[in-house]
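Written below as C-alpha cells is the structure these notes are about.
FYI, side chains are in, hydrogens and waters are out, and symmetry mates aren't considered; it's all heavy atoms of this structure.
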Amino acid sequence: MNVFTVIRKQVIDAIEAEVADGGLPADLKLDAITAELPRDASHGDVSTNAAMVLAKPAKMKPRDVAEKIVARVSYADGIISADIAGPGFVNLRLEPSMWQSVVSDVLNLGVTYGDSELGGQTPVNVEYVSANPTGPLHVGHARGAVFGDALAALLAKAGYAVTKEFYVNDAGAQVESLARAMHFRYLEALGKKSAEDFATAAEAGEVEYAGDYLKDAAGVLASRDGDKWAGLSEDEWLVPLRNFSIASMLDMIREDLAALGIAHDVFTSERALVDAGQVDRAIADLEKDGLVYTGTLAPPKGKKPDDWEPRPQLLFKASEFGDDIDRPFKKSDGSWTYFASDVAYHRDKFDRGFAEMIDVWGADHGGYVKRMQAGVKALSSDKGALDVKICQLVKLFDNGEPVTMSKRAGKFVTLRDLIDAVGKDVVRFIMLTRKNDAPLDFDFAKVTEKSRDNPVFYVQYAHARIHSVFRHAAEVLPGQDLSDDALATADLSLCSDSDELAMMRSISLWPRTIDAAAVAHEPHRIAFYLYDLAAQLHALWNRGNDDAEMRFLLPDQPERSLARLALVRSVAVVIASGLDVFGVKPLKEMR
RNA sequence: GGACCCGUAGCUCAACUGGAUAGAGCACUCGCCUUCUAAGCGAGAUGUUGCAGGUUCGAGUCCUGCCGGGUCCGCCA
C-alpha cells in the first residue's frame, strides 16, 4: 500500500461524487491531479493540486472547487482534516496510523518494498558499456557501466522486463590494428622481436594499442601455438589472430565488469550481424520505404576539413525524422558505415521484441543521438522508442589535485585502478551521485573519507548504526523476538513524535521515488533519497543524546522500544533496498 | 557556421518533471558525548535561479532570442 495513491484515490472519489451530484461538470480530466508531501511540513501531511487543475475546465474559481473537495474528503478514512491554502491547494492532515502502518508494510515486504507494477513487464533493452574490444576498461567506461547497470536494476524493480546488452564492435578497422599489435607482441613473446623494437614501432605509429595488456594474451598464444604464426604472411595470420585477440580482449572486459559486479545478459557481435546479411536487409527495407538515396552532402559549415571533396554516397533521409542532415550509409569505398550497422543492430533489437530501447553512451557521442533516434523511428515505423543517456566525463582528483592521464603512452587510469584504490561499492555509489548529463568529479581522497560530505560513507553509516542498535537490543530486551515478522506486529502508535512521523513519511516516499526515477531514467535520484533518509536517521539518533526518553532502547519500556526498533529496522530495509538497486552491499559495521 | 548538453548561495550540487517562503553539503561562528557508533547532531545567512521577453491561476522547470562554458560536426568506431 502506498499512502499517496490511497489519498489521491480518495480525492478523486470525492470529486467524482461531487460530479455525480452535479456540483462539478462531467468529463473532467483527472490525470494531472497529484497527491504529494508538501515541502513545508506546516502545510499538513499530504497536499493536492486538484482544485487548481480543475478550476479552468470547470469554469470556477480554484477556491470554490477546493471547498467542494474539502467538504467531501474531510470525512474520508484516515483523514483528520482538510483545509484550503494559498492559490487553492487542499492540505490534508492524516491519522498518524496512516504513516505508522507503513512500517509494518516495509517489514513484511523486506527489500521488495518499493517494487512496482509500473512497467507491466514491458520488455526494455538497456545497452551499456559496449566498449571496443581492444583493451581494458578505463574510468570513462566505469561511469557508463555503473549507470547502465543501476538503470537496468531500477527498471526491473519498477516492473519492466529488462535485458542488459553489450554491443561488440568487432567489425571495424580497429580490430585489425589490434591483430597487428597482437602479432608484434606474439613475436616479442617468442623472442623474435624485442621490447625496444615494439617501442620504436609504436613511436613511429606502426603499431596501435601500445599498452602492456596485450603481452599476457600474446604469451598465451605463443605457448598454445608455438611459432605457428611467425613465418606466415599477414594475409594468413590476420583473421585468426584477430579472432583470438577479440576473444581475449572480451574476456578481459568481462573480468573487469565482473569486478564491478556487472554481468550482461546478451553480447551481440557487430561482425555476426554483418556476416548474417542483417545490414543489407535492414538497409534494403529502408530503401523500400523510399528512405535511402544516393546524393552528395554539403560540407560542414564553418569548419571545413582540409581534404574535403564532394562525393556521391548512399544516404539515409535522417532529416525526415528530426536529424539535421541526411547521414551516409556507405563509405566511398562501398563498405557500410558504422551508422549503417548500428541501424541494423537496432533493427535487430526491435525485431527481438524491444520497442523500448535505452543506449548509454559516452560524452563524445552526443552528436550521434539524433541520427540514431531517426534511424530507430524509420526502421520501426515509429513504433520503437530509443532513449539515449549520455554520461558526461569523470574528472579524477586526489585531494583536490587533478589526476592526469595520458592515453597516448597507453597509460590511462583503468577501471581496475579505480576499484583497487577505493573498492567496488564506493565506485558504484559515487558514479551515481550525479545526473548522467552532468560532469562528475571523482576524488580518490574524498570518496574514502569518513564524513558527511562523502555520501557513500554517510548512508552506510546510517545502516551500520541501525545494526548496532540491534546488537544492543538483544541485551537490553532479553527474550524478545526481534525478527522482522515479530517487529511488524509492534504497536507503532507508540511512535508519535513528530520526528518519528517524519521518518515514516520519508519511508513512504520510497515507492514513488522508484517510480519517478524509473520513468525519468534517472537512478541518481535514489542516491539523493538515501542521503536524505540517512540524515533523518542520524538526526533521530542524536535526539537520544539530548533526551534519554528519545533513545531507541528503553529498558523499562519494552513495548515502546519494540516500536522504535521496528521503525529503525524499516529504515535499514529501505536503505538496503536502495543500495540493492545500486548493486552496493549495505554494511553492518563501520569500525 | 550548425547541433547537443550545461549555467541555481563564495565552492560542489538538489529541487518529487509546472506548485506554496528555491533547499542540502563544504567553508565560517557557537553549542551538544557517564548511557544505542560524536566517523554524528543542533543553531546561526547567504539568491535578480546567466540576461530579456513570452505561455498561465502559478515558471529554476515549458517556448523564443541573446550571453557564457563544454562536447561534437562526410568515408573513426
Side-chain angles (χ1 to χ4, degrees), chain A residues 32 34 36-40 43 47 49 51-53 55-56 61-62 85-89 91 132 134 169 171-175 270 296-305 308-311 313 315 323-325 327-328 330-335 337-339 341-342 362-370 390 392-393 433-435 437-439 441 449-455 457-458 461-462 464-473 476 509 512-513 516-517 519-520 522 524-525 528-529 531-532 535 538-546 548 551-555 564 568 589-591:
Chain A
T34 59
E36 44 192 35
L37 208 57
R39 221 195 297 260
D40 187 337
H43 291 142
S47 169
N49 62 356
M52 290 177 292
V53 172
K56 198 168 190 183
K61 290 180 186 166
F89 286 101
N91 292 333
N132 284 342
T134 52
N169 299 133
Q174 84 282 3
V175 286
E270 179 187 5
T296 308
L297 286 174
K301 287 171 188 166
K303 193 195 164 194
K304 197 169 172 178
W308 175 271
E309 46 182 286
R311 302 190 179 91
Q313 283 176 297
L315 299 173
D323 200 358
D324 312 310
I325 56 170
R327 303 292 179 177
K330 276 192 177 176
K331 303 178 197 170
S332 53
D333 68 0
S335 61
T337 57
Y338 178 77
F339 177 54
S341 55
D342 226 352
D364 53 342
H365 285 59
Y368 199 76
V369 176
K370 276 191 180 181
I390 297 288
Q392 284 297 330
L393 300 176
T433 53
R434 289 286 175 268
K435 218 176 297 179
D437 44 16
D441 290 350
E449 189 177 285
K450 292 163 180 171
S451 76
R452 181 162 187 174
D453 58 333
N454 175 6
F457 163 76
Y458 192 68
Y461 184 34
R465 271 186 152 175
I466 293 166
H467 274 265
S468 166
V469 175
F470 274 81
R471 281 192 292 272
H472 282 80
V476 176
L509 281 174
R512 64 160 35 201
T513 301
V519 167
E522 290 184 348
H524 77 277
R525 294 183 187 205
F528 286 97
Y529 171 83
Y531 186 83
D532 288 343
H538 290 309
L540 200 54
W541 177 289
N542 275 275
R543 287 279 306 273
N545 286 342
D546 301 333
R551 297 170 67 81
F552 302 134
L553 298 174
L554 304 168
R564 288 179 176 173
V568 295
E589 220 173 349
M590 301 291 288
R591 293 180 195 275

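Here B:rG40 presents its P atom at 13 Å from CG of A:N545, a figure rounded to the nearest Å. Computed from coordinates, the A:R39 CZ to B:rU21 C1' distance equals 10 Å when rounded to whole Å. At whole-Å resolution of the value, CG in A:D323 and C1' in B:rC4 are 11 Å apart. If you measure from atom CZ of A:R543 to atom C1' of B:rU35, you get 17 Å, rounded to the nearest angstrom. Look at NE2 on A:H538: it is 16 Å from P on B:rA24, rounded to the nearest Å. One atom, CZ of A:R512, and another, P of B:rC16, lie 11 Å apart when rounded to the nearest Å. For the pair A:I466 CD1 and B:rC36 P, the interatomic distance rounds to 16 Å; values are reported in whole Å. Regarding A:E36, its CD atom lies at a distance of 10 Å from the C1' atom of B:rG18, rounded to whole Å.
For A:W541, taking side-chain heavy atoms from C-beta onward, the closest of the listed nucleotides B:rA38, B:rC16, B:rG74 is B:rA38. The side chain of A:Y461 approaches B:rG40 more closely than any other nucleotide in the set B:rA20, B:rG40, B:rC36. For A:R465, the listed nucleotide lying nearest its side chain is B:rA38; candidates were B:rA3, B:rA38, B:rA20. Nearest nucleotide to the side chain of A:R551, out of B:rG74, B:rU35, B:rC75: B:rU35. Listed candidates were B:rC57, B:rA15, B:rA39. Nearest to the side chain of A:K450 is B:rA39. Relative to the side chain of A:D40, the nucleotides B:rA3, B:rC16, B:rU21 differ in distance, and B:rU21 lies closest. Candidate nucleotides B:rA77, B:rC5, B:rU35 were compared by shortest atom distance to the side chain of A:N132, and B:rA77 ranks first. Comparing atom distances between the A:L553 side chain and each of B:rG40, B:rG74, B:rC36 picks out B:rC36 as nearest. Of all nucleotides listed (B:rG42, B:rA77, B:rU17), B:rA77 comes nearest to the side chain of A:N169. Side-chain atoms of A:D453 lie closest to B:rG25 of the nucleotides B:rA20, B:rC6, B:rG25.
If A:H43 and A:D437 are placed on RNA chain B by their nearest nucleotide, the residue sitting closer to the 5' end is A:D437. For the pair A:S47 and A:Y531, nearest-nucleotide mapping onto RNA chain B gives the more 5' position to A:S47.
Within 3.5 Å, a donor on the side chain of A:N91 pairs with an acceptor on the base of B:rA20, or the reverse. For B:rA77, the base has no donor-acceptor partner in the side chain of A:T337 [N/O atoms by modelled type, under 3.5 angstrom]. No hydrogens or angles were tested; on distance alone, nothing pairs the side chain of A:N542 with the base of B:rG42 as donor and acceptor under 3.5 Å. Residue A:R311 places a side-chain atom within donor-acceptor reach of the base of B:rC75, judged by atom type and a 3.5 Å distance cut-off alone. You'll find a donor-acceptor pair under 3.5 Å spanning the side chain of A:H365 and the base of B:rA77, going by distance alone.
When all heavy atoms of A:N49 and A:A32 are compared, the pair lying nearest together is ND2-O, 3.4 Å.
Using P as the reference atom, B:rG7 and B:rA14 are 8 Å apart when rounded to the nearest Å. Rounded to the nearest Å, the gap between the C1' atom of B:rG60 and that of B:rA22 is 8 Å. Look at the C1' atom in both B:rU64 and B:rU12: the space between them is 32 Å, to the nearest Å. Annotation: B:rU34 and B:rA15 have their P atoms spaced 40 Å apart (nearest Å). A distance of about 15 Å separates the C1' atoms of B:rA27 and B:rC13, rounded to the whole Å. Distance check on atom P: B:rC6 versus B:rG18 gives 15 Å, rounded to whole Å. B:rG19 and B:rG58: their P atoms are spaced 14 Å apart (whole Å). B:rC36 sits 40 Å from B:rU17 when the C1' atoms are compared, rounded to a whole Å.
To the nearest 0.5 angstrom, A:K330 atom NZ is 12.0 Å from A:L315 atom CG. Note: A:Q313 CD to A:L297 CG = 6.0 Å, rounded to the nearest 0.5 Å. Remark: A:H524 NE2 to A:D437 CG distance equals 8.5 Å, nearest 0.5 Å. Within the model, atoms CG of A:D532 and OH of A:Y529 stand 9.0 Å from one another, a figure rounded to the nearest 0.5 Å. The CZ atom of A:F89 sits 8.5 Å away from atom NE2 of A:H43, with the distance rounded to the nearest 0.5 Å. Summarising the geometry, atom CZ belonging to A:F552 is positioned 4.5 Å from atom CG belonging to A:L540; distances are rounded to the nearest 0.5 Å.
As judged by a 4.0 angstrom heavy-atom cut-off over every strand, A:F457 is placed among the base-contacting residues. Base contact: A:A464 has a heavy atom under 4.0 Å from a base atom. Residue A:K61 is classed as having no contact, given no heavy-atom separation below 4.0 Å to the nucleic acid. Residue contacts shown for A:A85 include a base, since a base heavy atom lies under 4.0 Å away.
One finds a side-chain N or O of A:R452 lying less than 4.0 angstrom from the OP1 or OP2 phosphate oxygen of B:rC41. Considering only side-chain N and O atoms, A:K56 lies nowhere under 4.0 angstrom from the phosphate OP1 or OP2 of B:rU56.
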With 3.5 Å as the limit, what N/O pairs link the protein to nucleotides 62-70 of chain B?
none

Please produce a list of atom pairs where a protein N or O lies less than 3.5 Å from an N or O of nucleotides 8-13 of chain B.
from   : atom 1 : to     : atom 2 : distance (Å)
B:rU12 : O2'    : A:R434 : NH2    : 3.2
B:rC13 : O5'    : A:R434 : NE     : 3.4

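Base orientation for B:rC66: anti, the chi torsion being more than 90° from 0.
Using a 4.5 Å heavy-atom cutoff, the side chains of A:T337 and A:R327 are not in contact. For the pair A:T513 and A:F528, the minimum side-chain heavy-atom distance is 4.5 Å or more. Looking at A:V568 and A:F470, their side chains come closer than 4.5 Å, going by heavy atoms from C-beta outward. A:Q392 places none of its side-chain heavy atoms less than 4.5 Å from the side chain of A:R434.
The aromatic rings of A:Y368 and A:Y338 sit tilted, their planes meeting at an angle between 30° and 60°. Ring-plane geometry between A:F457 and A:Y461 is classed as parallel, the angle between the planes falling under 30 degrees on a 0 to 90 degree scale with a further cut at 60.
With hydrogens and angles disregarded, no donor-acceptor distance shorter than 3.5 Å links the side chain of A:N169 to the backbone of A:N132.
Neither side chain, A:Q174 nor A:T134, offers a donor N or O lying under 3.5 Å from an acceptor on the other.
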Writing each nucleotide of RNA chain B 5' to 3' as (, ), [, ], | or . by Watson-Crick or G-U pairing under 3.5 Å yields (((((((..((((.....[...)))).(((((.......))))).....(((((..]....))))))))))))....

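Remark: aromatic rings of A:H538 and A:Y458 are close, center separation under 6.0 Å.
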